[in-house]
Visitor: 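Questions regarding the structure given below will be posed in turn.
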There are 2 protein chains.
Amino acid sequence: MLIRTPADLGAVIRDRRKRLKLDQSTLAKQIGVSRQWVIDIEHGHPRAELALVLRALDALGIPLDADDQQMTSRRSARSAIDINAIVAKAKKSRT
Amino acid sequence: MLIRTPADLGAVIRDRRKRLKLDQSTLAKQIGVSRQWVIDIEHGHPRAELALVLRALDALGIPLDADDQQMTSRRSARSAIDINAIVAKAKKSRT
DNA sequence: TTCAAATGTCAGCGATCGCTGACATTACCA
DNA sequence: TGGTAATGTCAGCGATCGCTGACATTTGAA
């Protein structure tokens, strides 16, 4: 599943936990966090700590893949010339 | 690339930023954070906020995929029976 | 080399983290 | 229906967030 928001992440974690038949306390122990943390994450807490999130995914056996290597930036045309970058720099130097 | 640690994440972000020929200030503005935040993230800051991280990846056009649906948990056998879950619950109820 | 841009470091600030522990609510089985 | 497990909520605490602004260092082009 594509993760774009903390809520997406929470849903993935909760689904996976249930599939593994774990309760929140047990999962919390495996990750090394409090049960409160698991509750918050599953509810889409937006300010959770990156490292804890990664540990949770690891504990649940959920690989996280970032599609680097990709040629186009968000909603840009597939061009060898980086219009976005050029415009960005132009804007910036207009001080 | 597979993301397992905050440092992995930082590397992906930095590589992508450079590929897009953006400097840290410009990227920070696009994400809506301070330049300091970009510096910290690229250095693998482990306690960064989840939502900001997701916004950064989005701004850079890096899709994040979580492999849910997968049948086996980390380092477990491929079995319909959830040994891990059973053991976990057994341990827990031994109070 | 010289100079400017890019990057990195620091300190101080208000806001929020994740934790604990207790309690409330919901789900589910006998 | 009763009772237990699972889940959710709350408050208070020390620690750390991300921000700003100034300054130091590194990088790269002329």
Visitor: Keeping D68(B) on the side-chain end and R16(A) on the backbone end, is there a donor-acceptor pair under 3.5 Å?
Guide: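 Looks like no, no N/O pair under 3.5 Å.
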
Visitor: Can L20(B) be reached from I39(B) by stepping across I, L, V, M, F, W or Y side chains whose heavy atoms are under 4.5 Å apart?
Guide: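 Hydrophobic grouping puts I39(B) apart from L20(B).
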
Visitor: Counting only side-chain nitrogens and oxygens, does R17(A) get under 4.0 Å of the OP1 or OP2 atom of dT7(D)?
Guide: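 So the side-chain polar atoms of R17(A) do come within 4.0 Å of the phosphate oxygens OP1 or OP2 of dT7(D), strictly under.
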
Visitor: Does anything in residues 36-46 of chain A form a salt bridge (Lys or Arg N to Asp or Glu O under 4.0 Å)? List the pairs, not counting sequence neighbours.
Guide: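 Of all non-adjacent pairs touching residues 36-46 of chain A, those that pass salt bridge (Lys or Arg N to Asp or Glu O under 4.0 Å) are R14(A)-E42(A), R17(A)-E42(A).
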
Visitor: Can you list everything that forms a salt bridge (charged side-chain N to carboxylate O under 4.0 Å, His left out) with R47(B)? Sequence neighbours excluded, please.
Guide: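 Expected list: E49(A).
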
Visitor: Output the distance between atom CD1 (I41(B)) and atom CG (L27(B)), rounded to the nearest 0.5 Å.
Guide: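 Answer for the CD1-CG pair, I41(B) versus L27(B), is 10.5 Å.
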
Visitor: Test of understanding: with side chain to side chain contact (heavy atoms under 4.5 Å, CB included), list the residues that count as partners of D65(A), not counting sequence neighbours.
Guide: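 Once residues adjacent in sequence are excluded, the partners of D65(A) under the side chain to side chain contact (heavy atoms under 4.5 Å, CB included) criterion are D67(A), L2(B).
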
Visitor: Could you state the interatomic distance from CG (L9(B)) to NE2 (H45(B)), rounded to the nearest 0.5 Å?
Guide: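 Result: 12.0 Å between the selected atoms.
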
Visitor: Among residues 37-46 of chain A, which residues get a heavy atom nearer than 4.0 Å to DNA chain C?
Guide: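 The answer is W37(A), H45(A).
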
Visitor: Is the backbone of I31(A) close enough, under 3.5 Å, to the side chain of R55(A) for a donor and an acceptor to pair up by distance?
Guide: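 The answer is yes, because a donor-acceptor pair under 3.5 Å joins these two groups.
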
Visitor: For Q24(A) and dC19(C), give me the distance from atom CD to atom P, rounded to whole Å.
Guide: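 Spelled out: CD on Q24(A) to P on dC19(C) is 13 Å.
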
Visitor: Can you list everything that forms a side chain to side chain contact (heavy atoms under 4.5 Å, CB included) with A11(A)? Sequence neighbours excluded, please.
Guide: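 If we apply the side chain to side chain contact (heavy atoms under 4.5 Å, CB included) test to A11(A), skipping adjacent residues, there are no hits.
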
Visitor: Write down the protein N/O and nucleotide N/O pairs, taken from nucleotides 10-14 of chain C, whose separation is under 3.5 Å; answer none if there are no such pairs.
Guide:
from    : atom 1 : to     : atom 2 : distance (Å)
dC10(C) : N4     : Q36(B) : OE1    : 2.6

Visitor: Estimate the overall bend of the helix from dT1(C)-dA30(D) to dA30(C)-dT1(D) from the end axes over five pairs each, rounded to 10 degrees.
Guide: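 Comparing the first five pairs with the last five, the axes sit 60° apart.
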
Visitor: Between I3(A) and L54(B), is a side chain to side chain contact (heavy atoms under 4.5 Å, CB included) present by the stated rule, with each step listed?
Guide: CA-CA 8 Å; I3(A) 307 292; L54(B) 295 179; 4.1 Å; yes

Visitor: Choosing from dG8(D), dT20(C), dG8(C), which nucleotide comes nearest the side chain of R35(B)?
Guide: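 Taking heavy atoms from C-beta onward, the closest nucleotide is dG8(C).
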
Visitor: From the list dC17(D), dA6(D), dG8(C), which nucleotide is the closest neighbour of the side chain of E49(B)?
Guide: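 Closest nucleotide among those given: dC17(D).
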
Visitor: What is the distance from CG of L52(B) to P of dA15(C), rounded to the nearest Å?
Guide: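 Between P of dA15(C) and CG of L52(B): 17 Å.
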
Visitor: Once you round to the nearest 0.5 Å, how far does CG of L64(A) lie from CG of D8(B)?
Guide: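 The distance works out to 10.0 Å.
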
Visitor: Would you kindly give the CZ-to-P distance between R55(B) and dG18(D), to the nearest whole Å?
Guide: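 From R55(B) CZ to dG18(D) P: 11 Å.
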
Visitor: What is the distance, to the nearest angstrom, from the CD1 atom on I13(A) to the P atom on dT7(D)?
Guide: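 Whole-Å distance recorded here is 14 Å.
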
Visitor: From NZ of K21(A) over to C1' of dA5(D), roughly how many Å is that when rounded to an integer?
Guide: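 Distance check: K21(A) NZ to dA5(D) C1' gives 16 Å.
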
Visitor: Once you round it to whole Å, what is the distance between C1' of dT16(D) and CZ of R47(A)?
Guide: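 Answer to the nearest Å: 10 Å.
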
